[in-house]
Amino acid sequence: MTTLIVNIKQLCGVRKETKLLRGKELAELPCIENAFLLIENGIIAAFGKMDKLSKSELCCKNKIDAAQQFILPAWCDSHTHLVFAANRDDEFVDKIKGLSYAEIAAKGGGILNSANKLNATSEEQLFELAWKRLEEVAQMGTGAIEIKSGYGLSVEGELKMLRVIKKLKEKSNLTIKATFLGAHTYPLAFKENHQGYIDLIINEMLTVIAKEKLADYVDVFCENGFFSPDETEIICNAAKKFGLKTKLHANQLSLSGGVEIGVKLNAISVDHLEKMDEKTIALLSNSNTIGTLLPTAAFFLQMPFQPARKLIDAGCAIALASDFNPGSSPSGNMNLVIAMSCIAMKMLPEEAINAATINGAFAMELEKELGSISVGKKANLIFTKPISNLSLLPYSFGNNLIDKVMLNGEFISH
Ligand code: NIG
Ligand code: FE
């Protein structure tokens with residue numbers, strides 16, 4: 001099927017060349033005013049200025065008039081925990097009442113709370129819940145998404161989560177990557193027996209994951225009180241033998257050594273980065289590893305935001321993601337992520353949009369098919385409501401400025 005979109009007020013994120021953006025390049029968002037976009041079988045076939053279209057081309061296509069609308073690539077959300085059994089709003093209220101993280105954990109809260117609920121929920125039910133969330137984030141402009149396991153913490157639970165993600169991949173029109181996060185926290189039974197749990201991950205989880213092709217990446221929560229850099233290295237090296245590249249939870253609560261180990265392992269990305277110093281920033285900037293910032297998690301946990309400006313100015317390649325999960329970011333709204341990045345982390349709107357599209361695609365190794373308006377890439381597009389300027393997206397935080405979302409050349413239903 002051929003679709004021609006005409007009279008686009010601005011077509012944004014148009015690129016001939018696909019490259020990971022760092023430093024000053026992150027602020028460059030190439031746009032074409034008064035543009036057309038041609039889609040063939042869900043793939044971008046051509047684009048350019050309206051006056052380059054001939055009369056014959058204009059007359060006979062399945063035509064969409066996008067007057068007043070900006071069109072940009074759909075969001076590439078490269079870090080989420082979208083499969084979970086239940087919200088944790090009870091903990092949220094406890095926190096408001098003044099309970100500390102430790103007190104909440106002592107009441108059975110936190111990741112272990114989510115794991116208990118997940119292990120008691122069927123695969124079918126988890127799928128239904130995740131499917132609904134996926135539809136919701138697609139309405140908000142997300143076209144590609146990474147989803148982690150990590151609320152199973154048992155062989156059956158982790159495999160169940162990954163099978164749900166596999167089914168989502170097969171049935172959804174979003175592009176999905178799966179990450180194995182069995183090393184999210186130590187389950188109670190292994191609190192004093194770390195080696196026992198690491199053995200379980202390597203010998204009983206990774207073997208099945210590899211056999212059933214259930215994951216694209218491995219992730220570890222490298223943090224004081226969770227997994228040490230040495231433990232992280234052992235798990236990631238074992239996963240590498242099964243073909244899984246690394247994405248890490250690093251430097252969320254402390255200078256945990258996560259960035260150092262991520263760079264050493266040539267990780268695709270190190271994610272969170274609330275706690276960074278000059279040394280870790282320099283190390284990251286001299287590496288191929290992407291720093292993925294999750295501002296809504298910092299906001300929800302009331303932690304200092306990630307030092308986005310310092311990271312960008314030092315030349316680090318950064319991406320933005322939602323961290324959608326029931327504990328630290330119960331929202332998968334990438335528009336809010338972008339608004340917070342501009343308002344609280346002083347990113348320019350162009351920087352935030354690039355970090356949430358092309359650099360997000362790189363953080364999922366999807367840069368050849370997504371993240372920009374380029375010939376040959378999937379037509380995953382956001383159509384804005386009538387706006388005068390792209391800065392209105394972060395400026396109007398909390399307001400929905402998305403009119404329609406197209407995935408693989410077709411509008412998704414409301
Ligand atoms: O990315 N930090 C580790 N994992 C999640 C939160 C997990 C939870 O609280 O359920 C995160 O913030
Ligand atoms: Fe996370």
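All heavy atoms count here, side chains included; hydrogens, waters and symmetry mates do not. Both counts, for ligands and for their atoms, begin at 1 and track the order of listing.
- Using a 4.0 Å cut-off to heavy atoms of Y151, the atoms of ligand 1 that qualify are 7 (C), 8 (C), 10 (O).
- The pair R163-E212 meets the salt-bridge criterion, since a charged nitrogen lies less than 4.0 angstrom from a carboxylate oxygen.
- At a threshold of 4.0 Å, the pair K264-E233 counts as salt-bridged, since one of the basic side-chain nitrogens sits closer than that to a carboxylate oxygen.
- Remark: minimum distance from atom 12 (O) of ligand 1 to any protein heavy atom is reached at S328 OG, 2.6 Å.
- Ionic pairing of D216 and K169 is present here: one or more N-O contacts between side-chain nitrogen and carboxylate oxygen are shorter than 4.0 angstrom.
- Not a single N, O or S atom of H272, from either the backbone or the side chain, sits less than 2.8 Å from the Fe ion (ligand 2).
- Among protein heavy atoms, atom 11 (C) of ligand 1 sits closest to D323 OD2, 3.2 Å.
- Heavy atoms of H249 found under 4.0 angstrom from ligand 1 belong exclusively to the side chain.
- H79 has its closest N, O or S atom to the Fe ion (ligand 2) at the position named NE2.
- One finds a salt bridge joining K148 and E146 here, because a Lys/Arg side-chain nitrogen approaches an Asp/Glu carboxylate oxygen to under 4.0 Å.
- For atom 4 (N) of ligand 1, the closest heavy atom belonging to the protein is H184 NE2, 2.8 Å.
- A distance of 7.5 Å separates CG of L72 from OG1 of T384, quoted to the nearest 0.5 Å.
- Paired with F226 under the rule ring pair (Phe, Tyr, Trp, His ring centres under 6.0 Å), one option of Y186, F221, Y197 passes, and it is F221.
- Of all atoms in ligand 1, listed by their number and element, those nearer than 4.0 Å to a heavy atom of R88 are 8 (C), 9 (O), 10 (O).
- Expressed to the nearest 0.5 Å, how far CD of E136 lies from CG of L82 amounts to 9.5 Å.
- Looking at D323, its N, O or S atom nearest to the Fe ion (ligand 2) turns out to be OD1.
- Shortest contact from atom 2 (N) of ligand 1 to any protein heavy atom: Q252 OE1, 2.6 Å.
- Each of the atoms 8 (C), 9 (O), 10 (O) of ligand 1 lies under 4.0 Å from some heavy atom of G327.
- At a cut-off of 2.8 Å, D219 is not counted among the residues with an N, O or S atom near the Fe ion (ligand 2).
- Between E28 and R15, none of the side-chain N atoms (NZ, or NE/NH1/NH2) sits under 4.0 Å from a carboxylate O, so this pair counts as no salt bridge.
- Contact analysis puts H81 in contact with ligand 1, with a non-hydrogen atom separation below 4.0 angstrom.
- Salt-bridge check for E365 with K245: passed, with a basic side-chain N closer than 4.0 Å to an acidic carboxylate O.
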